Amino acid sequence: MAIVALTSLTSTLELEFLQSTPRVSLDEDESGSMCCLLKLKPSVSLYGQVKMLHKKLCSLQAFLEGFKRGGGDGAEIIDLEIKIRDFVLKAEDNIEIQVSNFLLAKDGGHPQKASQELHQTLREAAKNAAELLKMTISTSNEVKMVGPENVKLTGSSQCFPKLEGRIMVGRHYDRTVIINSLLEEYEYEFGFFGRRVISIVGMMGIGKTCLATSIYNDPSVASHFQVRAWITLPQEYQDVDQTLWDLLSSLSGIEPSFNLYSREPYEVYKKVYQRLESRRYLIVLDNLWDNSVWRHIQFCFPCDGRSRILITTTHFNQERDNFTKFYKHNMAFLDPKESWDLFCNILSPKESMAPKLEQIRSEVLEKCEGLPQLIVEVAKRLSKCNNIQQEWKKIEKELELVGTLDRTVLARIYNQLPKYVNACFLYFGVFPKRSEITVKTLIRLWVAEGFVEPLEHKKLLEDVAYEYLEELVDRSLVLISSRSLSNGKIKTCKMHGSMHTFCVGEAQKGGILCAVNTMQFPGVSLNAFANSCRWLSFYTHSFDYYVLFDTIKARSIFFFHENPEISAPLKLLRVLAFVPPPFFRRMQMHFGDFIFLRYISVAQWFEGLDYIVSINCNLQTLVVSGNESQAGASTVHLSSKIWESPQLRHLELGNSYTVDPPSVDKKSFQTLSWVSPTYCRKEMYSKFPKLKALKIFLKDELEVNCTCGSCSNPIILDNLDYLEGLEKLTISVSIDCNVTLQNRSMFPFLLEKLRLSGLNLSERHLTVIGMLPQLKVLKLENSFHGKVWEVSEGGFRQLGFLLLEAKSLEQLKANKYSFPYLQHLGLRFCYCLEEIPQSFAHIFKLQSIELKQCSPSVVAAAKQILEGLHPIRRRVFEIKIDGSEYEESKYPQVEDYLAEITVS
């Protein structure tokens, strides 16, 4: 994709030349001296060439984005986009190669020739960009640039919903919630009588229109509203005048004559308004693509607190409006039972019960992933065939390779994305289909790739990247898998299989992505793919996803397979992710080739990695997972060269590694793990003033006060309250290492997540922890060894998640004010605990209790809490015992224990 390539090159120019401390310095003195060296005029200095090229690239980006957002897809545009893509890919290769040569020559003391070649390369790139810009002007004159507000309708609106053939399974909760919102009177709400808009939002094919149709025709809804009208907008941009006429036609029940179209739009506004005024109305705007149509027609609807406007959409911005209130309802996918019910409803009763269908049940549910449109189409195909197994294999291949969603519609959704999330969307193709992706990792990769544009009011690129993710979620392109318990932010996400298929297809079509099927090439060298694309990803999938482009050099390599047999060129790599150890053992490495790395995550440390890190001034993230070290196992002491990269802000080392602290302040650091206890002092903390997440792993062999196998003296950790911005803290202690905390307050004031494992806490420590005002997640794993914990009132004011692992604890004394906002309670290995306080039943927000290897009395107490809840709360309350949801028949000993309590 040309836009992705442009984003990459502009980011490279900014990082290598235009940042505050660039690797290739462009200050006035050096630029001037280089001009003298090359006998060039100051007006064409290196700095001037870079700025000029950057400006032209931004103009090309704006041109492409304008055409795409306007729906431009003519032959002229496609041809020009290919030319821009090819130019940018070649230009970035040449520029980075010359930067590499310049840096190597500079270290060798002979930069003259390299400087000249770098300057010449930039000048040629700027010249070629200028020629392409001339072509864009010519193309703009031939193909009129259009926008959402003036694109004419290519199809007609439907004024009434088509009811025949629609089958809706499940959705009882959705129907109930939306119908209640339609029928409920809101006059009491601050006297607001404006427009009330309810938007049904969800992915394409999830059943928004089917749900809206069912609601529209519900007898209670039909009788409640005096006027109802339904407009289905076409997939293309809607002409506003046409929308108004369609709405008027729906309201009047007659088709407007041709002469009516010659009237002024104001007259149509007026007629629609008059038909709705003083009447309780329901207007359905089905398939609303964006806000442009809404902005123009909203004033046709009288401000009436009794009336409702129902919208179905994949994306709709709820803009602030003093006269309109928006209510958003997100549609979920069907669960396995609902999915199978829908599947069987499409088939005849005999077919739906046939054993041959049961054989493919799990496969159908896995591939369709709860998307109704896919389920219906698969069922219709199978209902018309004799050999179900054979036909299913064909369908399965189509789902993997092509998908069943309308690619034209998907392409239009994709083309409407702002350029800053365009590349982010395609990037999901590097991950295996249906895999859950950690948002933390995804965001760091986006930043490393240069997709994230810094904003003046945003200090952290990661915060901007998270907003990009939220936009993709809002547009129903990315799904939320889980949220953080502390702040509600997205923790893991994924892409629906059908959307992933489209994403991979678009990325590989543009020469950006090559997803190599490791299943098809087991144990075979994959070197043929090494120069096939910018993003090279190895993961197992059912069918081929790759197209070879021999002239494109890889920038990013991802390993989702343990040991693919491949040797890849490393000279221009910027991302090496999830790298298995055999990869480096096979490579003939020249560590000087790694000078462009921005992100690297490896399974274990290898010789030379410290040098690679030290020479990469643009390295942002370093993750070395390592194996979980056993007690008494040796620990690898890493070189302090790790700290020499000025851009490094995320350092995560497995607990097999330790490193000496930096000698200078690291103001850009956000994440740090693990650290030796020798350096857990104020002097070290002060070097990380902006640290947000800290993990400390303490081993006996790392502390001089400890002897191998046991600690003669306890390690007393210094206070951590110097880290004023710290939000997440983990302290984990290995076996046979005695660590304790100071009695006085030692935790950062704004701490949100705290995990303590293997410490020796007193009840006084727990009281101090309870006073942290922002603490939302607390995990105490074998860190409290007392027999009684009496929770002080007034503490844990924001705590939503409590995990307690305490083998010696016998009594937990607490009331409903001890944890007023607790939502999830977890108890593990609490063998001696007698019961859970029944006062927990009065914690209104409590939603679940999870028990692992606890006594029957604790399980019985949890069951009593459940029985004491109001029936409405009981339906959503969950108890898990040893990983399984609580069922009375599975735990007869608990029922016996409850009976004994009742008798006594």
Side-chain angles (χ1 to χ4, degrees), residues 8-26 30 34 46 50 89-119 121-122 125 444-445 447-450 530-531 534-536 552-558 567-577 579 583-584 587-602 605-624 638-651 668:
S8 177
L9 180 51
T10 53
S11 172
T12 296
L13 294 178
E14 292 164 1
L15 200 57
E16 299 293 347
F17 300 98
L18 301 178
Q19 62 170 310
S20 58
T21 56
R23 177 153 47 179
V24 182
S25 179
L26 296 177
E30 185 167 337
M34 185 172 289
L46 184 60
V50 174
L89 293 175
K90 183 178 179 181
E92 187 170 27
D93 284 351
N94 293 337
I95 290 171
E96 289 192 332
I97 289 172
Q98 294 305 325
V99 168
S100 175
N101 294 340
F102 171 76
L103 294 174
L104 292 174
K106 188 176 180 181
D107 293 338
H110 301 286
Q112 180 175 353
K113 182 179 178 181
S115 300
Q116 186 174 359
E117 292 176 349
L118 175 58
H119 195 288
T121 299
L122 288 167
R444 292 177 185 176
L445 286 167
V447 173
E449 295 282 3
N531 287 315
R534 286 301 176 98
W535 306 335
L536 184 60
I552 300 179
K553 292 181 173 60
R555 290 301 194 282
S556 306
I557 302 181
F558 306 85
S567 297
L570 307 175
K571 194 173 184 65
L572 302 180
L573 282 179
R574 64 182 56 156
V575 170
L576 264 174
V579 186
F583 175 77
F584 290 105
M587 300 298 296
Q588 297 295 323
M589 290 186 294
H590 300 283
F591 294 139
D593 290 345
F594 286 93
I595 62 174
F596 293 107
L597 274 179
R598 304 176 192 171
Y599 181 105
I600 180 169
S601 62
V602 295
W605 192 269
F606 62 90
E607 185 178 357
L609 183 54
D610 54 346
Y611 176 75
I612 292 173
V613 172
S614 67
I615 65 173
N616 273 277
C617 68
N618 292 329
L619 186 67
Q620 301 167 1
T621 299
L622 173 61
V623 178
V624 186
L638 305 180
S639 170
S640 57
K641 287 184 178 180
I642 288 177
W643 307 110
E644 294 182 11
S645 179
Q647 296 280 341
L648 189 63
R649 50 182 177 264
H650 303 288
L651 175 62
S668 61

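Since the structure is predicted, the reported quantities are computational estimates derived from the model, not experimental observations. Side chains are part of it too, since the values below use all heavy atoms of this structure and drop only hydrogens, waters and symmetry mates.
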**Q** What's the shortest heavy-atom distance between Ala114 and Ala105, and which atoms?
**A** CB-CB, 3.8 Å
**Q** Closest heavy-atom contact between Gly450 and Arg598?
**A** N-NH1, 4.0 Å
**Q** Which atom pair, heavy atoms only, marks the closest approach of Ser11 to Glu449?
**A** OG-O, 4.2 Å
**Q** Just verifying a value: how many Å separate Trp605 CH2 and Leu622 CG, rounded to the nearest 0.5 Å?
**A** 6.0 Å
**Q** Between Ser100 and Glu96 (side chain of the first, backbone of the second, donor and acceptor by atom type, cut-off under 3.5 Å), is there such a pair?
**A** no
**Q** Report the C-alpha separation of Tyr599 and Val447 in whole Å, then their side-chain angles, then the decisive distance to 0.1 Å, and conclude whether the side-chain contact (heavy atoms from CB on, under 4.5 Å) test is met.
**A** CA-CA 9 Å; Tyr599 181 105; Val447 173; over 6 Å; no
**Q** Would you kindly say whether Asn618 and Glu16 are connected by a side-chain donor-acceptor distance under 3.5 Å?
**A** yes
**Q** Using atom types as modelled and distance alone, determine if a side-chain donor or acceptor of Ser668 lies under 3.5 Å from a backbone N or O of Leu648.
**A** yes
**Q** Which residue in the set Thr12, Leu89, Asp93, Leu536 passes side-chain contact (heavy atoms from CB on, under 4.5 Å) when paired with Arg555?
**A** Asp93
**Q** Just verifying a value: how many Å separate Arg574 CZ and Gln620 CD, rounded to the nearest 0.5 Å?
**A** 10.5 Å
**Q** To the nearest 0.5 angstrom, please state how far the CG atom of Leu13 sits from the CD atom of Glu92.
**A** 8.0 Å
**Q** List the atom of Ala91, the atom of Ala125, and the distance in Å for their closest heavy-atom pair.
**A** CB-CB, 4.3 Å
**Q** What is the distance from atom CZ of Phe596 to atom CD1 of Ile615, rounded to the nearest 0.5 Å?
**A** 10.5 Å
**Q** Hey, does Val602 have a side-chain heavy atom less than 4.5 Å from the side chain of Leu576?
**A** no
**Q** CD of Gln647 to CG of Leu15: how many Å apart, nearest 0.5 Å?
**A** 6.0 Å
**Q** Could you go step by step and tell me if Ile95 and Leu122 meet the side-chain contact (heavy atoms from CB on, under 4.5 Å) rule?
**A** CA-CA 7 Å; Ile95 290 171; Leu122 288 167; 3.9 Å; yes
**Q** I'd like to check Ile600 versus Leu609 (side-chain heavy atoms, cut-off strictly below 4.5 Å). Are they in contact?
**A** yes
**Q** Roughly how far apart are Gln98 CD and Thr121 OG1, rounded to 0.5 Å?
**A** 4.0 Å
**Q** So among Val575, Leu573, Leu445, which one has a side-chain contact (heavy atoms from CB on, under 4.5 Å) with Ser556?
**A** Val575
**Q** Is a side-chain donor or acceptor of Ser645 paired with a backbone partner of Asn616 at a separation under 3.5 angstrom?
**A** yes
